[in-house]
Engineer: 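Here it is: the structure, laid out below.
Every value quoted in this text rests on a predicted model; they were computed, and no experiment measured them.
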Amino acid sequence: GTGKTTAITYRVAHLMHERGVRPDKILALTFTNKAAREMRERSAQIAQVDARWLAMGTFHSMCGRLLREFGHLMGLDRQFVIYDQADQLQMGKQCLAELNLDTQVYAPRAIRHRIEQWKNQAQRPEDVEPSQFDMVERKALDIYKLYRKRCLASNAVDFGDMLLHVVSLLRRHELVRDACHNRWSHILVDEYQDTNPVQYQLLRSLVTSEHSITVVGDDDQSIYRWRGADIGNILRFEQDFPGAEVIRLERNYRSTQVILEAANALISHNAARKGKTLYTDEDRGDLITLRIYPNERDEAEAIAEHIDREADAFETVDGEFGVLYRTNAQSRPIEDALRRRSIGYEIYGGVRFYDRKEV
């Protein structure tokens, strides 16, 4: 809530209007199609240009375009297909069968996850050094080699391949490097704390001393280590790109001061961080309340009672209360408690327990 993405969009406008940089010389990257679409629309509106002129997208969409253009250098034609997770799993099972490996011992989903981890670490099959004492890892590497071979033969890539193939092309082919270096002069990255090693290698290959790179991110918001994100990328940014200027965005526009004080108290204990203190010009807001219950039924009943009481006291309309839980499996006791009090509710991102087919 400190305006990180806004900083990216305004910098794009600044580069065009104040620095005279052509729109097509600017590359802005983020992680989701929704974020990329919003960034493009906001930048185009601020800069008063046609959004189609702006090279903004996800890491994967950018790499997909480059593979359509240069994939022939590694045996892919322009009409390659992109495998989703189901396709990956099916191809993995075919590789297991071809290698006569038991799926009870080498679970296809676990093998797929292991291969994805290697790709996130920017490791091709020839880069992996498996443990001599880990038979599963060694067999997983054999599957990875065959998987890669079969994908190329089928003119197919998965999402991990898209990034890894482009990094390989940039490293091995001067033609590709020169084309990318000449195409973009300014590169911007949103949510930089979520980049993994292969995305980091991609940026290092795209940026020379002649380029400008701007990243925004929050080391205290790095929560994607489980999918390969490396917080070290943002912590060592100044060492990777000498001369970089660090600007701290500490004013928060989203939360009350009480919330920020609680957040500051928690994140101050993080071991590896650049350090910052969030503040706001908004009101202090309500105090945070923590209540602990002996079981999920008591907890759900307390939630329903609180909603019932607040709704009566302040004559609120439907939709002004939100209940957050960690997994969909936790919805049932809360639903039961609300139903007992005749409180209507909607489930977002899941299905009501009593609407499920098996129930």
Engineer: Do the side chains of Arg284 and Glu261 get close enough for a salt bridge, i.e. N-O under 4.0 angstrom?
Structural biologist: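 Result for this pair is yes, salt bridge flagged.
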Engineer: Examine the side chains of Asp240 and Tyr200 and answer whether a donor and an acceptor come within less than 3.5 Å of each other.
Structural biologist: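 Their side chains do contain a donor-acceptor pair, which is all the 3.5 Å distance test asks for.
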Engineer: Do Val49 and Leu27 share a hydrophobic cluster, counting only Ile, Leu, Val, Met, Phe, Trp and Tyr and linking them when any side-chain heavy atoms are less than 4.5 Å apart?
Structural biologist: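 No, Val49 does not connect to Leu27 through the hydrophobic network.
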Engineer: Measuring from Ser43:OG to Met56:CE, what's the distance to the nearest 0.5 Å?
Structural biologist: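 Going from OG on Ser43 over to CE on Met56, the span is 3.0 Å.
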Engineer: Between Arg340 and Glu301, does any NZ, NE, NH1 or NH2 come within less than 4.0 Å of an OD or OE carboxylate oxygen?
Structural biologist: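 A salt bridge links Glu301 with Arg340.
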Engineer: Hey, quick one: are Val258 and Tyr253 part of the same hydrophobic cluster, counting side-chain heavy atoms closer than 4.5 Å, chains of contacts allowed?
Structural biologist: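 No; tracing contacts between hydrophobic side chains, which count when under 4.5 Å, never links both residues.
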Engineer: Assess Arg65 against Phe70: is NZ or CZ under 6.0 Å from the centre of the six-membered ring, and within 45 degrees of the ring's axis?
Structural biologist: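 That pair does not qualify as a cation-pi contact.
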Engineer: What distance separates Arg251 CZ from Asp281 CG, expressed to the nearest 0.5 Å?
Structural biologist: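 Nearest 0.5 Å value for the CZ-CG distance: 4.0 Å.
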Engineer: Might you work through the side chain to side chain donor-acceptor pair (under 3.5 Å) test for Tyr147 and Asp161, ending with a clear yes or no?
Structural biologist: CA-CA 11 Å; Tyr147 176 90; Asp161 289 331; 4.9 Å; no
Engineer: Under a 3.5 Å threshold, yes or no: a donor from one side chain and an acceptor from the other, between Asn252 and Thr280?
Structural biologist: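 Thr280 and Asn252 do not have a side-chain donor-acceptor pair below 3.5 Å.
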Engineer: Between Ser61 and Thr58, do the side chains contain a donor N or O and an acceptor N or O under 3.5 Å apart?
Structural biologist: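 Distance-only check passes for Thr58 and Ser61.
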Engineer: Taking the six-membered ring of Tyr144 (Phe, Tyr or Trp), confirm whether the NZ or CZ of Arg114 is under 6.0 Å from its centre and within 45° of its axis.
Structural biologist: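 No - Arg114 does not lie over the ring of Tyr144 by the 6.0 Å and 45° rule.
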Engineer: Under a 4.5 Å cut-off applied to non-hydrogen side-chain atoms, are Ile234 and Val215 in contact?
Structural biologist: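 Not touching, per the 4.5 Å side-chain cut-off.
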Engineer: Verify whether the ring centers belonging to Tyr83 and Phe159 lie closer than 6.0 Å.
Structural biologist: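 Centroid distance Tyr83-Phe159: not below 6.0 Å, so no.
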Engineer: Using a strict 4.0 Å threshold on nitrogen-to-oxygen distance, state whether Asp230 and Arg225 make a salt bridge.
Structural biologist: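 A salt bridge is absent here (no side-chain N lies under 4.0 Å from a carboxylate O).
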Engineer: Kindly say whether Arg171 contributes a backbone atom to a donor-acceptor pair with the side chain of Arg177 at under 3.5 angstrom?
Structural biologist: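 Checking the backbone N and O of Arg171 against the side chain of Arg177, a donor-acceptor pair under 3.5 Å is found.
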Engineer: When rounded to the nearest 0.5 angstrom, what is the spacing between CD1 in Ile267 and CG in Leu278?
Structural biologist: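 Nearest 0.5 Å value for the CD1-CG distance: 5.5 Å.
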Engineer: So, Gln257 versus Tyr279: side-chain donor-acceptor pair below 3.5 Å or not?
Structural biologist: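 No.
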Engineer: Go through it in stages, so that I can follow the logic: the residues are Lys274 and Asp220, the test is salt bridge (Lys or Arg N to Asp or Glu O under 4.0 Å), and I'd like the CA-CA distance, side-chain angles, deciding distance and then a yes or no.
Structural biologist: CA-CA 9 Å; Lys274 288 183 175 294; Asp220 292 317; over 6 Å; no
Engineer: In terms of side-chain geometry, is the basic nitrogen of Lys149 or Glu98 positioned less than 4.0 Å from the acidic oxygen of its partner?
Structural biologist: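 The answer is no: the pair does not qualify as a salt bridge.
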Engineer: Would one find more than 12 heavy atoms of other residues, nucleotides or ligands at under 6.0 Å from atom CD of Gln45?
Structural biologist: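 For Gln45, atom CD is not crowded (no more than 12 foreign heavy atoms under 6.0 Å).
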Engineer: How about Gln221 and Lys4: does a side-chain donor come under 3.5 Å of a side-chain acceptor?
Structural biologist: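 Distance-only check passes for Gln221 and Lys4.
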Engineer: How many angstroms lie between CG in Leu163 and CG in Leu66, if you round to the nearest 0.5 Å?
Structural biologist: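 Leu163 CG to Leu66 CG: 10.5 Å, rounded to 0.5 Å.
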Engineer: Would you kindly confirm whether Trp53 and Ile8 end up in one hydrophobic cluster when ILVMFWY residues are joined by side chain heavy atoms under 4.5 Å apart?
Structural biologist: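 Yes, same cluster.
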Engineer: Ignoring hydrogens and geometry, is there a side-chain-to-backbone donor-acceptor pair from Arg138 to Ser131 under 3.5 Å?
Structural biologist: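 A pair under 3.5 Å: no.
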Engineer: Quick check for you: to the nearest 0.5 Å, what is the distance between Asn155 atom CG and Asp77 atom CG?
Structural biologist: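 Reported value, rounded in 0.5 Å steps: 4.0 Å.
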Engineer: Under 6.0 Å between ring centres, would you say that holds for His211 and His186?
Structural biologist: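 Centroid distance His211-His186: not below 6.0 Å, so no.
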Engineer: Measuring from atom CG of Leu141 to atom NZ of Lys145, what distance do you get when rounded to the nearest 0.5 angstrom?
Structural biologist: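 Going from CG on Leu141 over to NZ on Lys145, the span is 4.5 Å.
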Engineer: Mark yes or no: Arg42 above the aromatic ring of Tyr10, with NZ or CZ under 6.0 Å from the six-membered ring centre and no more than 45 degrees from the axis.
Structural biologist: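 Geometry flag: not set, cation outside 6.0 Å or 45°.
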Engineer: Side chains of Gln201 and Gln199: is there a donor and an acceptor less than 3.5 Å apart?
Structural biologist: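 The criterion, which ignores hydrogens and geometry beyond distance, is not satisfied for Gln199 and Gln201.
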Engineer: Quick check: is Tyr192 connected to Ile26 through a chain of hydrophobic side chains (ILVMFWY, heavy atoms under 4.5 Å apart)?
Structural biologist: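 Per the 4.5 Å side-chain linkage, Ile26 and Tyr192 are not co-clustered.
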Engineer: I'd like to know if the side chain of His181 and the backbone of Ser205 have a donor-acceptor N/O pair within less than 3.5 Å.
Structural biologist: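 Here the side-chain-to-backbone pair exists.
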